[in-house]
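This is a predicted model, so every value here is computed, not measured. For ligands, and for the atoms within them, numbers begin at 1 and follow the listed sequence.
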Amino acid sequence: MINVRTAREISIMKDACRISANALCVAGEYVKPGVSTFEIDRKVREYIEKQGAKPSFLGYGGFPASACISLNNVVIHGIPSKEQILKEGDIVSVDVGAFYNGFHGDNAYTFACGKVSEKAQDLMDATRISLEKGIEAALANNRIGDIGNAVQTYAEARGYSVVRDFVGHGVGAKLHEDPSVPNFGRAGRGARLLPGMTIAIEPMICEGSYEVEVLEDEWTTVTVDGKLAAHYENSIAITPDGPVILTVPG
Ligand code: MG
């Protein structure tokens, strides 16, 4: 069932989304050579809890941390660790959510650690813009397939591939709600977008093949070919006046 929320509910949800966005900014401040991913996760958790919110991911399906931190060939769901120390040139995808006043916010961003290669920067730029294209397509009366098609068309035109095995989702009272929001697909297909739907659009874009595998820890998801991947995400609301990004820092 796809939830449709009132303007009042969406305005309450904005607080959770703002906290999530600020938490992502906190993470970004600590992305530098020599910092462990454990340390970044700790700062994120401290920030979220200080706001009276809860980290959405902590304990979700048994996930052991507040943020997923995924380096280089890790696409998503990287587990922060004291042993994992950031190096100059790493690309660092951080995915974080916060639960506050009955709603979740969910967002992700791929940060550059120091100076990164031109190819890494190009992948990050393309992925970020593919998210913007997806959001632009999230118009009332469009369909879910219009979003995925916009992301895929842009990413593939830049020479990249779109992960198939993981997708975006509805977000609200639960972290993951209906509908699934693939980052690929055919325009004009899938559920119709209605004002009041709140969804997380989150392209995961690969330098090489889109094939991914989950490691033995049952979380860490890597590209099979070992090439780079990037990941950006916003929680948005469909409104009569167009898509509104909810995960805005402030
Ligand atoms: Mg998400």
Side-chain angles (χ1 to χ4, degrees), residues 2-3 5 10 13-14 16-25 27-28 41 44-45 48 53-70 74-80 92-100 103-111 127-128 130-135 137-138 144 147-148 151 155 162-185 191 193 197-206 210 212 214 218-221 229-238 243-249:
I2 300 176
N3 291 302
R5 302 193 150 87
I10 290 171
M13 186 170 160
K14 271 185 181 164
C17 288
R18 181 176 37 78
I19 294 167
S20 304
N22 287 345
L24 200 49
C25 294
D41 180 67
V44 163
R45 181 176 178 171
I48 292 171
K54 284 189 179 157
S56 300
F57 298 179
L58 186 61
Y60 185 90
F63 191 75
S66 299
C68 299
I69 306 183
S70 308
V74 182
V75 185
I76 49 167
H77 299 169
I79 301 173
V92 183
S93 300
V94 180
D95 191 349
V96 63
F99 182 71
Y100 184 75
F103 289 101
H104 292 274
D106 188 6
N107 60 179
Y109 196 94
T110 301
F111 298 99
T127 307
R128 199 187 62 250
S130 78
L131 169 59
E132 291 169 9
K133 300 291 180 189
I135 293 170
I144 286 289
I147 297 173
V151 172
V162 177
V163 168
R164 302 296 200 272
D165 291 358
F166 295 89
V167 297
H169 50 91
V171 59
K174 291 192 182 143
L175 180 61
H176 294 121
E177 299 185 346
D178 288 338
S180 286
V181 183
N183 299 297
F184 54 91
L193 301 173
M197 286 183 187
T198 49
I199 59 174
I201 305 178
E202 51 176 320
M204 293 149 254
I205 305 295
C206 301
Y210 62 72
V212 300
V214 179
E218 295 184 351
W219 286 105
T220 310
T221 301
H231 178 212
Y232 292 79
E233 176 180 28
N234 277 134
S235 298
I236 71 159
I238 313 296
V244 174
I245 298 175
L246 302 176
T247 37
V248 178

Derivation of the side-chain contact (heavy atoms from CB on, under 4.5 Å) call for F166 and M204: CA-CA 8 Å; F166 295 89; M204 293 149 254; 3.7 Å; yes

Aromatic ring proximity, centroids under 6.0 angstrom, H77 and F63: no

Presence of N, O or S from H169 under 2.8 Å of the Mg ion (ligand 1): yes

F103 and its side chain to side chain contact (heavy atoms under 4.5 Å, CB included) partner, picked from K14, K174, M13: M13

Name of whichever N/O/S atom of E233 is nearest to the Mg ion (ligand 1): OE2

OE2 (E202) - the Mg ion (ligand 1) - OD2 (D106) angle, nearest 10°: 170°

Any donor-acceptor pair under 3.5 Å from T198 side chain to I236 backbone: no

